[in-house]
Amino acid sequence: MKFKETILKVVKKIPKGKILTYKEVAKLAQNPRAWRLVGNILNKNRDPKIPCHRVIRSDGKIGGYKDGIKNKISLLKKEGLMIKKGKIIV
DNA sequence: CGTATGACGTGCA
DNA sequence: GTGCACGCCATAC
């Protein structure tokens, strides 16, 4: 399975109200060194069925979003999470 | 086939 | 504490 599809698959499996870091997703994808690929792939594919808004940076920051970082924050807020100064608060 | 890219991460000043 | 620069791997062109 290509890494790309694996990443998408892992992200799709993220439960509601839960978030993972790019590094964690890459690790679940069996390629902990390719965390860089997670953002790269999601950005190039940005599938609507993929809750990519649940994927954040290891620093707890939102990172970025093709539809707009504000949109990502709104989605996370709907999930029950809180964002403070662009950072996720669990 | 080779080059450039990327929603990142960590280290050091 | 903040900012800058480098490193990294796979995909896309």
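Just so you know, these numbers use all the heavy atoms, side chains as well, and skip hydrogens, waters and symmetry mates. Sequence lines set the chain letters: A, B, ... in the order given, protein chains first and strands last, and positions in each chain run from 1.
In this structure, A/Y22 places its OH atom 6 Å from P of B/dC8, rounding to the nearest Å. Rounded to an integer number of Å, the gap from CG of A/N43 to P of C/dA10 is 19 Å. Following rounding to the nearest Å, A/I41 (CD1) and B/dG6 (P) show an atom-to-atom distance of 14 Å. Taking atom CD of A/E24 as the reference point, atom P of B/dC8 lies 16 Å away to the nearest angstrom. Between the C1' atom of B/dC8 and the NZ atom of A/K27 lies a distance of 17 Å, rounded to the nearest Å. A/K70 has its NZ atom 20 Å from the P atom of B/dA7, to the nearest Å. Protein atom CG of A/D59 is 16 Å distant from nucleotide atom P of B/dA7, rounded to whole Å. Following rounding to the nearest Å, A/L42 (CG) and C/dT11 (C1') show an atom-to-atom distance of 12 Å.
In this model, the phosphate group of C/dC13 is not approached by any side-chain N or O of A/K44 to a distance below 4.0 Å at OP1 or OP2. Side-chain nitrogen and oxygen atoms of A/N40 include none within less than 4.0 Å of the OP1 or OP2 phosphate oxygen of B/dG6. Neither OP1 nor OP2 of B/dA7 sits under 4.0 Å from any side-chain N or O of A/R57.
Of the options A/I41, A/N31, A/I56, A/V11, a side-chain contact (heavy atoms from CB on, under 4.5 Å) to A/V25 is made by A/V11 and by none of the others.
Summarising the geometry, atom NZ belonging to A/K18 is positioned 13.5 Å from atom NZ belonging to A/K13; distances are rounded to the nearest 0.5 Å.
Backbone-only engagement by A/K23 is indicated by non-hydrogen atom pairs under 4.0 Å involving sugar-phosphate atoms exclusively.
The two atoms that bring A/F3 and A/A26 nearest to each other are CZ-O, 4.4 Å, heavy atoms only.
Checked against B/dA7, C/dT11, C/dC9, the side chain of A/F3 finds its nearest nucleotide in C/dT11. Checking B/dA7, C/dA10, C/dT11 against every side-chain atom of A/K4, the shortest atom distance belongs to C/dT11. For A/L37, whose side chain is taken as the heavy atoms from C-beta onward, the closest listed nucleotide among C/dC9, B/dA7, B/dT10 is C/dC9. Closest approach to the A/S58 side chain among B/dA7, C/dT11, B/dG9 is made by B/dG9 (side chain taken as heavy atoms from C-beta onward).
Under a hydrophobic clustering in which Ile, Leu, Val, Met, Phe, Trp and Tyr are joined whenever their side-chain heavy atoms come within less than 4.5 Å, directly or via other members, A/L42 and A/L28 fall into the same cluster. A/I50 and A/L75 are not part of a single hydrophobic cluster, where members link through side-chain heavy atoms under 4.5 Å apart.
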